[in-house]
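We use all heavy atoms of the structure for the numbers below, so side chains are in, but hydrogens, waters and symmetry mates are not. Numbering of ligands and ligand atoms starts at 1, following listing order.
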Amino acid sequence: MNQAAIDALIAELEADVRVAERQLGKSTLDPRVMAALRKVPRAEFVPPARRAEAHVNAPLPIGFGQTISQPFIVAVMTDALELAPGDRVLEIGTGCGYQTAILAELAAEVSSVEILAELATAAQARLRDMGYANVRLRTGDGREGWPEEAPFDAVIVTAGAREIPEPLLAQLKPGGRMVIPVGNTMVGQSLTRVTKGEDGKVEKRALLPVAFVPLVRGRNSRGR
Ligand code: SAH
């Protein structure tokens, strides 16, 4: 592992958070989140030809028209979930599994749904080989959530949705947190933090403009 490159990336993320202080409502992220970003080797999640760029603060293509998210966005989204060590988390859009691994470092259990079987299979093998035993993966349309594993303390959606899928809100515990990019097009998305009060009341706050690949409708989805 290239320690100097990782140190430089972490310093850049810290600087980017300060720049976004007004939008984020904070000037530093949870030190546990930063420690997880330092620990999880991003190079293991990018295609071999892209290894040299693994510690650049940018999204990278991973094949099948999909990407590994930008480290800054992974940091902000993870921080916004305010994970406690005992939490159960639902992730929609496993992709290469990088965000999954970061979540697995900070929570008790991660259940992740990916619509492309090839990516899900590769992520499963990768995370298993890396020793993540608290991760469960499934191939399917994440817009339905994972009812058998619900409810969750936190839900993270790593693809852009036109609106928040109702099943995901329903599967969030009272007191739970969700982060999801919401918008009509890839350029017009707003990273949204959703909280569900103990009384079930849902509140939303826009954090940052983002550009995620779209949350697509599954072939066998129930038409939501
Ligand atoms: N979390 C990844 C980034 C994922 S990119 C990371 O850590 O880098 C978005 C992923 O969402 C893609 O793999 C895409 O196939 C997946 N996706 C798109 N629509 C989906 C859906 N309806 N259900 C589940 N996964 C979906």
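- Looking only at atom types and distance, the side chain of E105 has a donor-acceptor partner in the side chain of Y132 under 3.5 Å away.
- In the vicinity of L119, heavy-atom distances shorter than 4.0 Å reach the ligand 1 atoms 13 (O).
- Taking all heavy atoms of E144, E114, E118, R138 into account, the minimum distance to atom 15 (O) of ligand 1 is reached by E114.
- Within ligand 1, the atoms closer than 4.0 Å to a non-hydrogen atom of D141 are 21 (C), 22 (N), 23 (N), numbered from 1 in the order shown.
- Looking at Q99 against ligand 1, both its backbone and its side chain come within 4.0 Å, counting heavy atoms.
- In summary, the atoms of ligand 1 found under 4.0 Å from a heavy atom of L116, numbered by their order in the structure, are 15 (O).
- Distance from atom 17 (N) of ligand 1 to its nearest protein heavy atom, with residue and atom name: I115 CG2, 3.8 Å.
- Under the 3.5 Å distance criterion, the side-chain polar atoms of T158 are matched with a main-chain donor or acceptor of I92.
- Protein heavy atom nearest atom 9 (C) of ligand 1, with residue, atom name and distance: T158 O, 3.2 Å.
- Close to ligand 1: E91, with a non-hydrogen atom less than 4.0 angstrom away.
- Nearest protein heavy-atom neighbour of atom 12 (C) of ligand 1: Q66 OE1, 3.2 Å.
- The nearest heavy-atom contact from the protein to atom 23 (N) of ligand 1 is G142 N, 2.7 Å.
- Heavy-atom contacts from other residues, nucleotides or ligands closer than 6.0 Å to CZ of R162 number 12 or fewer.
- For the 3.5 Å distance criterion, the side chains of Q99 and T78 qualify, holding a donor opposite an acceptor.
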Might you work through the salt bridge (Lys or Arg N to Asp or Glu O under 4.0 Å) test for R38 and D7, ending with a clear yes or no?
-> CA-CA 8 Å; R38 213 177 252 287; D7 290 346; 2.8 Å; yes
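- Of the listed options P59, P181, G93, G218, G93 places a heavy atom closest to atom 11 (O) of ligand 1.
- Side-chain contact between V194 and E203 is absent, with no heavy-atom pair separated by less than 4.5 Å.
- Here the heavy atom of the protein found nearest to atom 5 (S) of ligand 1 is T67 O, 3.5 Å.
- Side chains of T100 and E91: a donor on one and an acceptor on the other come within 3.5 Å.
- Within the structure, ligand 1 has P214 among the residues with a heavy atom less than 4.0 angstrom away.
- Counting atoms of ligand 1 from 1 in the listed order, those under 4.0 Å from a heavy atom of S69 are 3 (C), 6 (C), 8 (O).
- Contact between G97 and ligand 1 is absent, with no heavy atom of the residue lying under 4.0 Å from the ligand.
- The proximity of L215 to ligand 1, defined as any non-hydrogen pair under 4.0 Å, involves the side chain as well as the backbone.
- The closest protein non-hydrogen atom to atom 19 (N) of ligand 1 is V216 N, 2.9 Å.
- Within the 4.0 Å heavy-atom shell around ligand 1 one finds T94.
- Checking side-chain atoms of E114 against main-chain N and O of L116 turns up a donor-acceptor pair under 3.5 Å.
- Distances below 4.0 Å separate heavy atoms of I68 from the following atoms of ligand 1: 8 (O).
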